[in-house]
Amino acid sequence: MNRNPSIGHGRGLTLYLTGDHACSYLDAVQARTLFVDPAARIDGPTYQALIEQGFRRSGVHVYRPACRACARCIPVRVPVDCFERDRSQRRNWRRNAADLTLSHAFPRFETEHFALYRRYLESRHPDGSMSEESNEDSYRRFLCDDWGGETRFLEFREGHRLVAVAVTDILENSLSAVYTFFDPALAHRGPGVFAVLAQVELARKLRLPHVYLGYWIEESRKMSYKTAFRPIEAWDGRRWRLFERGAALELP
């Protein structure tokens with residue numbers, strides 16, 4: 001247990017460090033996680049301060065990797081004012097914006113959302129390894145529970161058909177992409193990329209300077225799309241550093 005007075009707008013928060021456990025992202029790697037006390041009151045401004053120091057949330061739990069000999073989980077964010085779509089992203093935007101509509105919903109349980117979430121997980125993990133994560137209770141805890149801040153479900157529809165949901169936290173200086181799930185049959189249209197592009201446009205509309213995309217790991221193919229959003233900034237443990245288009249994302 002550790003108390004860190006620099007987090008939370010001047011008030012101390014108790015942090016708990018786990019023991020070693022299997023890494024969720026890399027095979028045969030042991031990880032440790034630093035958690036904010038789940039009994040602490042985490043509001044939007046407090047979470048803004050935390051996310052600026054590399055933390056993320058999953059449901060009501062706010063955490064950051066704290067591994068012994070590994071620093072491959074790198075927090076990344078898009079600086080909204082500097083971002084420009086590349087050729088592939090422009091094609092993605094034109095194709096999806098032509099027939100998909102966007103609306104905002106409050107973070108409550110909806111059977112339509114949950115059915116799409118289950119189809120998405122089943123397509124990504126056909127061996128059934130995500131069966132626990134795909135049950136209703138886990139879904140509610142992960143995406144629907146009140147965590148103290150403002151969240152919206154960005155719904156993408158083709159006519160009346162729900163095709164994607166981007167769960168997004170709205171903070172005082174940023175948007176945070178919590179989780180996106182979509183119809184597996186439309187994977188060829190790049191709905192995940194389109195969701196990030198839509199979040200960047202929403203941040204511009206709200207005059208918020210950053211969109212946080214969570215952690216990037218070089219070895220993870222599923223995370224490779226994040227570094228296609230250029231320029232991008234990465235947290236090196238001390239500050240956010242800008243990487244220009246085409247530059248390698250290498251941190252000390």
Specify the closest pair of heavy atoms between [X] and [Y], including all atoms of both residues, with the distance to one decimal.
X: A105; Y: H113; answer: CB-CE1, 4.5 Å
X: Q89; Y: L197; answer: O-CD1, 3.6 Å
X: V60; Y: D146; answer: CG1-O, 3.7 Å
X: S134; Y: Y117; answer: CA-CE2, 4.2 Å
X: C70; Y: C67; answer: O-CB, 3.5 Å
X: L175; Y: L206; answer: CD2-CD1, 4.3 Å

Inset, instruction - Could you name each residue pair satisfying ring pair (Phe, Tyr, Trp, His ring centres under 6.0 Å) that touches residues 84-105, not counting sequence neighbours? - result: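 Sorted result for residues 84-105: W93-F194.
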
Legend entry - Distance-only polar pair, side chains of S174 and Q48, donor-acceptor under 3.5 Å: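 On atom types as modelled, these side chains qualify, holding a pair under 3.5 Å.
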
Legend entry - Derivation and outcome, salt bridge (Lys or Arg N to Asp or Glu O under 4.0 Å), residues E201 and K205: CA-CA 6 Å; E201 291 307 307; K205 180 179 179 181; over 6 Å; no

[X]: partners by salt bridge (Lys or Arg N to Asp or Glu O under 4.0 Å), with sequence neighbours left out:
X: D137; answer: none
X: E150; answer: R152
X: R108; answer: E110
X: R157; answer: E112, E155

Do the side chains of [Y] and [X] get nearer than 4.5 Å, heavy atoms only?
X: V163; Y: P191; answer: no
X: L143; Y: F153; answer: yes
X: L213; Y: V78; answer: yes
X: R72; Y: E219; answer: yes
X: D183; Y: R161; answer: yes
X: F106; Y: T151; answer: no
X: V196; Y: Y225; answer: yes
X: R64; Y: Q53; answer: yes

Hey, does the side chain of [X] reach the backbone of [Y] with a donor-acceptor pair shorter than 3.5 angstrom?
X: R207; Y: R204; answer: no
X: T33; Y: P65; answer: no
X: T227; Y: S224; answer: yes
X: Q199; Y: Y212; answer: no
X: Y47; Y: R57; answer: yes

Legend entry - Residue list, side chain to side chain contact (heavy atoms under 4.5 Å, CB included) with A195, at least two apart or on another chain: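 Listed in chain order: F156, A166, T180.
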
Legend entry - Partner set under side chain to side chain contact (heavy atoms under 4.5 Å, CB included) for R221, not counting sequence neighbours: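 Side chain to side chain contact (heavy atoms under 4.5 Å, CB included) list for R221, sorted by chain: empty.
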
Inset, instruction - Dump the intermediate steps for side-chain contact (heavy atoms from CB on, under 4.5 Å) on L116 and F181, then the final yes or no. - result: CA-CA 7 Å; L116 181 63; F181 51 96; 3.9 Å; yes

Inset, instruction - Would you confirm whether the ring centroid of F229 sits within less than 6.0 angstrom of the ring centroid of W216? - result: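 W216 vs F229: aromatic centres not under 6.0 Å.
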
Legend entry - Other residues, nucleotides, ligands: >12 heavy atoms within 6.0 Å of H160 NE2: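 Open: at most 12 neighbouring heavy atoms sit under 6.0 Å from NE2 of H160.
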
Inset, instruction - Scan residues 13-32 for pairs that pass salt bridge (charged side-chain N to carboxylate O under 4.0 Å, His left out), counting only residues two or more places apart or in two chains. - result: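 Sorted pair list: D20-R68.
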
According to ring pair (Phe, Tyr, Trp, His ring centres under 6.0 Å), who are the partners of [X], at least two apart in sequence or on a separate chain?
X: F114; value: F109, Y139
X: F35; value: none
X: F142; value: Y179

Inset, instruction - Quick one: do R141 and S58 satisfy side chain to side chain donor-acceptor pair (under 3.5 Å)? Show the steps, please. - result: CA-CA 8 Å; R141 290 194 301 270; S58 177; over 6 Å; no

Sequence neighbours excluded and cut-off under 3.5 Å, please list the side-chain donor-acceptor pairs for residues 94-101, or say none.
residue : atom : partner : partner atom : Å
N96     : OD1  : R189    : NE           : 3.1
N96     : OD1  : R189    : NH2          : 3.2
N96     : ND2  : N92     : O            : 3.0
N96     : ND2  : N92     : OD1          : 3.1
N96     : ND2  : R189    : O            : 3.0
D99     : OD1  : R189    : NH2          : 2.7
D99     : OD2  : R189    : NH1          : 3.3

Legend entry - Cationic tip of R77 above W235 ring, under 6.0 Å, 45° of axis: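 No, R77 and W235 do not form such a contact.
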
Inset, instruction - Take the angle between the ring planes of Y120 and F182 and call it parallel below 30°, perpendicular above 60°, tilted in between. - result: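 The arrangement is perpendicular - the two ring planes meet at more than 60°.
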
Inset, instruction - Report the C-alpha separation of T14 and V36 in whole Å, then their side-chain angles, then the decisive distance to 0.1 Å, and conclude whether the side-chain contact (heavy atoms from CB on, under 4.5 Å) test is met. - result: CA-CA 6 Å; T14 301; V36 175; over 6 Å; no

